[in-house]
Protein chains: 2
Amino acid sequence: MKKNSIKTSEKKIRSKNEVKILNAAVLLFSKKGYDGTRFMDIAKASELPKANVYYYFANKNEIYERLIENVLQGWDNAFEHINLDLEPSQAISAYIGAKLDYARVHTIESRFFAHEMLRGGEFLTRKQRQHIREVTRKHEHVLEHWISQGKIRDISPQHFFIMLWASTEFYANFTNIVELTLEKRKLTKKDFDVARETIVSNILNGCLVK
Amino acid sequence: MKKNSIKTSEKKIRSKNEVKILNAAVLLFSKKGYDGTRFMDIAKASELPKANVYYYFANKNEIYERLIENVLQGWDNAFEHINLDLEPSQAISAYIGAKLDYARVHTIESRFFAHEMLRGGEFLTRKQRQHIREVTRKHEHVLEHWISQGKIRDISPQHFFIMLWASTEFYANFTNIVELTLEKRKLTKKDFDVARETIVSNILNGCLVK
DNA sequence: CAAAAACTTGACCAAAGTGTCAACTTTTAT
DNA sequence: ATAAAAGTTGACACTTTGGTCAAGTTTTTG
């Protein structure tokens, strides 16, 4: 009890301010990327004097790296509960739904990561790359299993997953184009539902009437 | 003959240097976006003194706007020959193939445009947005026609096209993730071929064995 | 409650970036 | 050939940015 209260209170100010800074930063990075974001802008958006932000983070780099970690962690948390042991149609529907939910709710983080990819993923550590690779490989194995069972057609699991990521993340990263296409000022939950139906039905059934 | 030679020679130096500058700029913008790119870096990459670049373009803005125009123009040229009057399977295959070819060959331009979208598409003029909208609408009509003919299932044409753009552009914008997934150091034409087969077969037939 | 640790901040500096200009060279037109 | 137009460039002035620091205040700890 005592120990716990010490531990939490001891870190209260720091953690509160770090959160303020990181939230401000991820929004800025999501719009302008690493190189386009000024340290001073992060300080302003955090509503803290620049020198105070320097007290918590040595430089922009450190903020950025923390955000990369956070986003990857959030990504893990969001998708580890997806059960790929179900039947293909169930599992794939759930996966697409979860990815679209993530795109809708965690738009900022998605765009932040999109910037990192556009710049070549230089900030990803070897460990982080490897982790991504392992998670993906696990998914591929499930798909291969379904293929061997004759439950789905014989396609490239890698390209299949890329197609799912692309189709879902597009709604977070390129919201503008989606809004322009749908002729909507702002995307609603309903729009994401239609997206889900379209993607799921296309992926599962194909678009040609048989 | 005379007139023509006057016209071309009169503009030779200018156009040569503008091309140098624009080529250097689009590469930098494609990596770091508008805000992340310094005017001086464009000059260095162009192998021209900064003051010389200022002689051709008043500022970074002007360079960027020219590039937006160029990319939209190139986009038009690349896809206006796509014949959507064919049978659905033929037309859709060709469309996906063309989009993937564009992603492979015009990677830089794709990424440049991706940055513009991530920053909210602020640089697109009303006219340009409208043009994009019109081209898209035309495609949608074709799809609606096919639906009314019972040739393809009743799905949202908008979301269907978004799915096609997303699945193909992903290979240009997020090459890193693709390379990581495929465990390749560099994507080859062959990789794009497999991508095409996977996307086309999935879109046309769906992934479930019937 | 006193000392230590944690936190805050204005002021400052050096480096980098933006944009201008006048003097110069090269190209073009007559 | 020569004047006008087009192109080139070093140097300069001004602004923005990144980063430090010392002197303060607040919070925690024993």
Side-chain angles (χ1 to χ4, degrees), chain A residues 1-29 31-67 115 119 122-123, chain B residues 1-29 31-67 115 119 122-123:
Chain A
M1 195 65 183
K2 182 78 178 295
K3 209 172 179 180
N4 189 18
S5 85
I6 288 170
K7 204 172 162 189
T8 48
S9 64
E10 164 181 84
K11 300 221 162 196
K12 227 162 57 182
I13 296 176
R14 168 167 284 269
S15 86
K16 190 195 69 186
N17 281 334
E18 282 185 357
V19 166
K20 261 174 112 174
I21 294 163
L22 291 170
N23 282 344
V26 75
L27 182 59
L28 289 168
F29 285 138
K31 286 181 185 156
K32 308 191 161 192
Y34 180 81
D35 298 285
T37 302
R38 307 283 142 240
F39 196 92
M40 191 47 174
D41 293 336
I42 298 176
K44 272 185 201 147
S46 310
E47 297 177 298
L48 291 172
K50 186 181 53 157
N52 200 358
V53 179
Y54 272 110
Y55 175 74
Y56 290 107
F57 296 94
N59 47 42
K60 192 166 65 164
N61 220 306
E62 224 170 69
I63 299 177
Y64 195 82
E65 280 171 8
R66 271 281 287 280
L67 285 173
H115 266 292
R119 95 191 303 290
E122 294 167 26
F123 277 93
Chain B
M1 195 68 183
K2 181 80 179 295
K3 207 172 181 182
N4 189 17
S5 85
I6 287 171
K7 203 171 162 189
T8 47
S9 63
E10 165 179 83
K11 300 221 162 196
K12 227 163 57 182
I13 296 177
R14 167 167 284 269
S15 85
K16 191 194 70 186
N17 281 333
E18 282 184 356
V19 165
K20 262 175 111 174
I21 294 164
L22 291 170
N23 282 343
V26 74
L27 182 59
L28 290 168
F29 286 138
K31 286 181 185 156
K32 307 190 163 194
Y34 181 80
D35 298 283
T37 302
R38 307 282 139 239
F39 194 93
M40 190 49 174
D41 292 336
I42 298 176
K44 271 185 203 148
S46 310
E47 294 177 301
L48 291 172
K50 186 182 51 157
N52 202 358
V53 179
Y54 272 110
Y55 175 74
Y56 290 107
F57 296 94
N59 46 43
K60 191 167 66 166
N61 220 304
E62 223 171 68
I63 300 177
Y64 194 82
E65 279 171 8
R66 271 282 287 281
L67 286 172
H115 267 293
R119 95 189 303 288
E122 295 168 25
F123 277 93

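Sequence lines set the chain letters: A, B, ... in the order given, protein chains first and strands last, and positions in each chain run from 1.
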- Query: Should A:Arg119 and A:Asp35 count as an ion pair when the cut-off is N to O under 4.0 Å?
  - Reply: yes
- Message: From CG of B:Asn59 over to P of D:dT15, roughly how many Å is that when rounded to an integer?
- Response: 18 Å
- For D:dA6, does either OP1 or OP2 sit under 4.0 Å from a side-chain N or O belonging to B:Arg14? no
- Does OP1 or OP2 of D:dA6 have a side-chain N or O of B:Asn17 closer than 4.0 Å? no
- Message: Measure CG/A:Asn52 against C1'/D:dG19 and give the value in whole Å, please.
- Response: 15 Å
- Message: From CD1 of A:Ile13 over to P of D:dT29, roughly how many Å is that when rounded to an integer?
- Response: 11 Å
- CD of A:Glu62 versus C1' of D:dG18: gap in Å, rounded? 15 Å
- Task: Can you tell me the distance, in whole Å, between the CE atom of A:Met40 and the P atom of D:dT15?
- Result: 16 Å
- Task: Ignoring hydrogens and angles, tell me if any N or O in the side chain of B:Asn61 forms a donor-acceptor pair with the backbone of B:Tyr64 under 3.5 Å.
- Result: no
- Could you grab the distance from atom CD1 of B:Ile63 to atom CD1 of B:Ile42, nearest 0.5 Å is fine? 4.0 Å
- Message: I'd like to know if A:Lys50 reaches the base of D:dG19 with its side chain, counting only an N/O donor and acceptor under 3.5 Å.
- Response: yes
- Note on the structure: Between CD1 of B:Ile63 and P of C:dT18 the distance, given in whole Å, is 10 Å
- Query: So, for A:Phe39 and A:Phe57, is the gap between ring centers shorter than 6.0 Å?
  - Reply: no
- Query: Is there a donor-acceptor pair closer than 3.5 Å between any side-chain N or O of A:Asn17 and the backbone N or O of A:Lys20?
  - Reply: no
- Item | N/O (side chain, A:Tyr55) to phosphate O (OP1/OP2, C:dT8) under 4.0 Å | no
- Query: Base, sugar-phosphate, or nothing: which does A:Tyr54 touch, judged by heavy atoms less than 4.0 Å apart?
  - Reply: base
- If only side-chain N and O atoms of A:Tyr56 are considered, is one of them under 4.0 Å from the OP1 or OP2 phosphate oxygen of C:dT8? yes
- Separation of atom CZ in A:Phe57 from atom P in C:dC7, rounded to whole Å: 12 Å
- Item | Value in whole Å for how far the P atom of D:dG18 lies from NZ of A:Lys44 | 11 Å
- Please tell me which of A:Pro49 and B:Asp41 maps to the more 5' nucleotide of DNA chain C, matching each residue to the nucleotide holding its nearest heavy atom. A:Pro49
